[in-house]
2 protein chains.
Amino acid sequence: MVLGKQIEWAMHCASFLASLPEDMAVSVNVLAEYHEVPRDYLAKALQSLAKAGIVKTTVGPRGGYTIGRAAEEITLLDIVESVEGEKSTFSCTEIRQKGPCKMEEKAYSGVCGIAAAMYRADHAWRESLRSTTLADINRSVNRVVPAEQKRKVMAWLEGKLSSKS
Amino acid sequence: MVLGKQIEWAMHCASFLASLPEDMAVSVNVLAEYHEVPRDYLAKALQSLAKAGIVKTTVGPRGGYTIGRAAEEITLLDIVESVEGEKSTFSCTEIRQKGPCKMEEKAYSGVCGIAAAMYRADHAWRESLRSTTLADINRSVNRVVPAEQKRKVMAWLEGKLSSKS
DNA sequence: GAGCTTCTACTCGGATACGCCCTGTCCGAGTCCGGCAGG
DNA sequence: CCTGCCGGACTCGGACAGGGCGTATCCGAGTAGAAGCTC
C-alpha cells in the first residue's frame, strides 16, 4: 500500500512545467537531469501524463514537454490516476459468499459492509487529492523559494536549450 | 497502490469473531474453511492481529482465536495498520534537493508542498478508517442477514467444535 | 541571395530484462486438554 | 475414586518456493530544424 516513486517524479515534473512559460518545451533529458532521476524511467511517467492530457509533447529538435492545460485545472488526483491507474485501493472478493455457510446468491444484493467502509476511505483519499491543484502547489512553492533561485533555474534551463541548437 | 487480500480476510475474521460469544474460541482451520481461504496464509494475517491485541489466542485443544477487546474499541484503521504496517502511502525522497540547481541544504527547512498534500490525503484516508469500528460493521451486517442464517452458522460452528473433542 | 532538397540530430513511444515484495506453503517448537494407568 | 503421566492436537513463529508488479533500460519510428546545393 505504498505509491511508487513515479508519482513523486510526475508531480514534481508537472509542477515544474506548469511554472514555466507555456511555449517553453523541456525534454526528458533536461527534466531527468534537473531532478536527478533515471531518464528512461522518468519518460514512462511522462508518457502516462501525456496520455491523460496533463502534459503535451512536441517532437523534433527544441521539442519536449509542456503543460497540457491550466494549472488550476490539474488536480493531484489527475496525476495519481494517470500514472497509477484508477483502480480502487481495496478490492472486494466477496468472501462472504464463499464457504460452507453461504446463502443463495440473490440474498447478497447489497454491498458488503466492510467493502463499503473501505470504499468510503478510498473516496476520502481521492477527494483530498482532487481538492488540490497544481496552481495551489506552485503558489505554496513560490512563497518559500526566493526569486533569485528562480532566475538561477531559468538561466540554467536556457543554457541547456541553447547549447543544443 | 492496492491493499492485499490479507486485509479483507483479517477484517472479515475480526468481524466474525466480534459477533460471537467472547468465550467461544475459533481455530484457524475453522476460520479458513468458513471463508474458503488458504489456511496457512490466513494464519499470518491473524498473527498480525494477535500481535496488535485485536484478537487473543488460546492454545491447545478447544483453543483458537477470540476477539481481543470490545468491538466498539476496534477501528478498521487498527486492522489495516496491524496487517499492512503503519508506513504512509507516500514517501518523499526530497528530489527538490537534488540536481544541478539545488540550493544549500538549510534553505529546505519547510516540508515539500507536494509531500504535504500527499500526507493530507493519506491522513484523510486514515481518519475515515478510524471513524468506523467493528461494532458499526456488525450492526450493518445484522440489518441484512436474516436471523435464520445466523442460527445456521452457529450450528455449523458448534458442529465443527464438537467434532474435534 | 532565395528556395528546394537532403540530412542530421533530437524527440517520443513501445518493447524488453531484472529484482523485490506479495502470495502461498511447509515444518518444527511450545503448550494445553483429554485419556489412561497405577495407587 | 483420585492422582500423575503420556499422547494428541492445536497454535505460533520462522524458513522456504512461485508469480506479479514496480524498477530500470534499450532501441526503433517520426519530425523539425539546419546545412548544402541549385538556380
Side-chain angles (χ1 to χ4, degrees), chain A residues 1-10 13 17 23-33 35-66 68 80 82-85 87 89-91 93 95 160-165, chain B residues 1-10 13 17 25-33 35-53 55-66 80 83-85 87 89-91 93 160-165:
Chain A
M1 185 59 180
V2 179
L3 288 167
K5 39 183 94 166
Q6 286 206 46
I7 293 286
E8 185 182 9
W9 300 349
C13 285
L17 290 173
D23 61 344
M24 195 170 188
V26 184
S27 73
V28 183
N29 279 316
V30 174
L31 283 171
E33 182 180 355
H35 291 107
E36 202 170 292
V37 297
R39 175 194 172 277
D40 288 323
Y41 192 33
L42 174 64
K44 256 185 107 211
L46 290 168
Q47 283 167 29
S48 300
L49 293 181
K51 204 170 292 181
I54 295 170
V55 298
K56 275 188 282 202
T57 68
T58 55
V59 296
R62 317 281 294 185
Y65 288 96
T66 54
V80 168
S82 70
V83 174
E84 198 81 8
K87 57 184 181 301
T89 55
F90 181 81
S91 66
T93 62
I95 64 176
K160 276 289 161 186
L161 297 179
S162 66
S163 75
K164 276 185 259 171
S165 65
Chain B
M1 185 59 182
V2 178
L3 289 167
K5 39 184 90 167
Q6 287 207 43
I7 293 288
E8 186 183 7
W9 301 349
C13 287
L17 290 174
V26 183
S27 72
V28 184
N29 280 317
V30 174
L31 284 171
E33 182 180 353
H35 292 107
E36 204 169 292
V37 297
R39 175 193 173 277
D40 288 325
Y41 193 32
L42 173 64
K44 286 191 93 64
L46 290 169
Q47 282 167 28
S48 300
L49 292 181
K51 203 171 293 181
V55 297
K56 275 188 281 205
T57 69
T58 56
V59 297
R62 317 280 294 186
Y65 288 94
T66 53
V80 168
V83 173
E84 197 80 9
K87 58 183 181 299
T89 56
F90 181 81
S91 66
T93 61
K160 277 288 161 184
L161 296 180
S162 66
S163 75
K164 273 185 266 174
S165 67

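Convention: sequence-line order gives letters A, B, ...; per-chain numbering from 1.
Between Asn29(A) and dT11(C), a side-chain N or O to OP1/OP2 separation shorter than 4.0 Å is present. Between Tyr41(A) and dT23(D), a side-chain N or O to OP1/OP2 separation shorter than 4.0 Å is present. Phosphate proximity of dC10(D) to Ser27(B): absent, as no side-chain N or O sits under 4.0 Å from OP1 or OP2. Residue Gln6(A) has no polar side-chain atom (N or O) positioned under 4.0 Å from OP1 or OP2 of dG22(D). Close to dC32(C), at under 4.0 Å from its OP1 or OP2, lies no side-chain N or O of Thr58(B). Note on Lys5(B): a side-chain N or O is less than 4.0 Å away from OP1 or OP2 of dG24(C).
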Using a 3.5 Å cut-off and no angle test, enumerate the donor-acceptor pairs between side-chain atoms of residues 38-48 of chain A and protein atoms at least two apart in sequence or in another chain.
unit_1, atom_1, unit_2, atom_2, d
Arg39(A), NE, Asn29(A), OD1, 2.6
Tyr41(A), OH, Gln6(A), NE2, 3.0
Ser48(A), OG, Lys44(A), O, 3.3

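If you take CD1 on Ile54(A) and OH on Tyr65(A), they are separated by 12.5 Å, rounding to the nearest 0.5 Å. Between atom CD1 of residue Ile7(B) and atom CD of residue Glu84(B) there is a gap of 4.5 Å, rounded to the nearest 0.5 Å. In this structure, the separation between CG on Asp23(A) and OG1 on Thr66(A) is 9.0 Å, given to the nearest 0.5 Å.
Between dC12(C), dC27(D), dC12(D), one nucleotide has an atom nearer to the side chain of Tyr65(A) than all others, and that is dC12(C). Of the candidates dT25(D), dG24(C), dC32(C), the closest approach to any side-chain atom of Val59(B) belongs to dC32(C). Closest contact between the side chain of Asp40(A) and the listed nucleotides dG22(D), dA24(D), dC27(D) involves dC27(D). Of the listed nucleotides (dT31(D), dT11(D), dC12(C)), dC12(C) has the atom at the smallest distance from the side chain of Thr57(A). Closest contact between the side chain of Lys51(A) and the listed nucleotides dC12(D), dG14(C), dG24(C) involves dG14(C).
For Ile7(A) and dT23(D), the CD1 to C1' distance is 14 Å, given to the nearest whole Å. Taking atom CD on Glu36(A) and atom P on dA24(D), their separation rounds to 13 Å, with Å as the unit. If you measure from atom CD of Glu84(B) to atom C1' of dC21(C), you get 11 Å, rounded to the nearest angstrom. Here dC21(D) presents its P atom at 12 Å from NZ of Lys44(A), a figure rounded to the nearest Å. Look at CZ on Arg39(B): it is 10 Å from P on dC26(C), rounded to the nearest Å. In this entry the distance linking NZ of Lys87(A) with C1' of dC21(D) reads 9 Å, nearest Å. The nearest whole Å value for the distance from the CE atom in Met24(A) to the P atom in dT11(C) is 14 Å. dT23(D) atom C1' lies 13 Å from atom CG of Leu42(A), rounded to whole Å.
When each of Gly60(B) and Gln47(A) is assigned the nucleotide of DNA chain C bearing its nearest heavy atom, the one mapping closer to the 5' terminus is Gln47(A). The residue among Trp9(A) and Pro61(A) whose nearest nucleotide of DNA chain D is located toward the 5' end is Trp9(A).
The shortest non-hydrogen separation linking Ala25(B) to Arg62(B) is CB-O, 3.9 Å.
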Inset, instruction - For the pair Leu49(A) and Val83(A), evaluate side-chain contact (heavy atoms from CB on, under 4.5 Å) and give the outcome as yes or no after the intermediate values. - result: CA-CA 7 Å; Leu49(A) 293 181; Val83(A) 174; 4.2 Å; yes
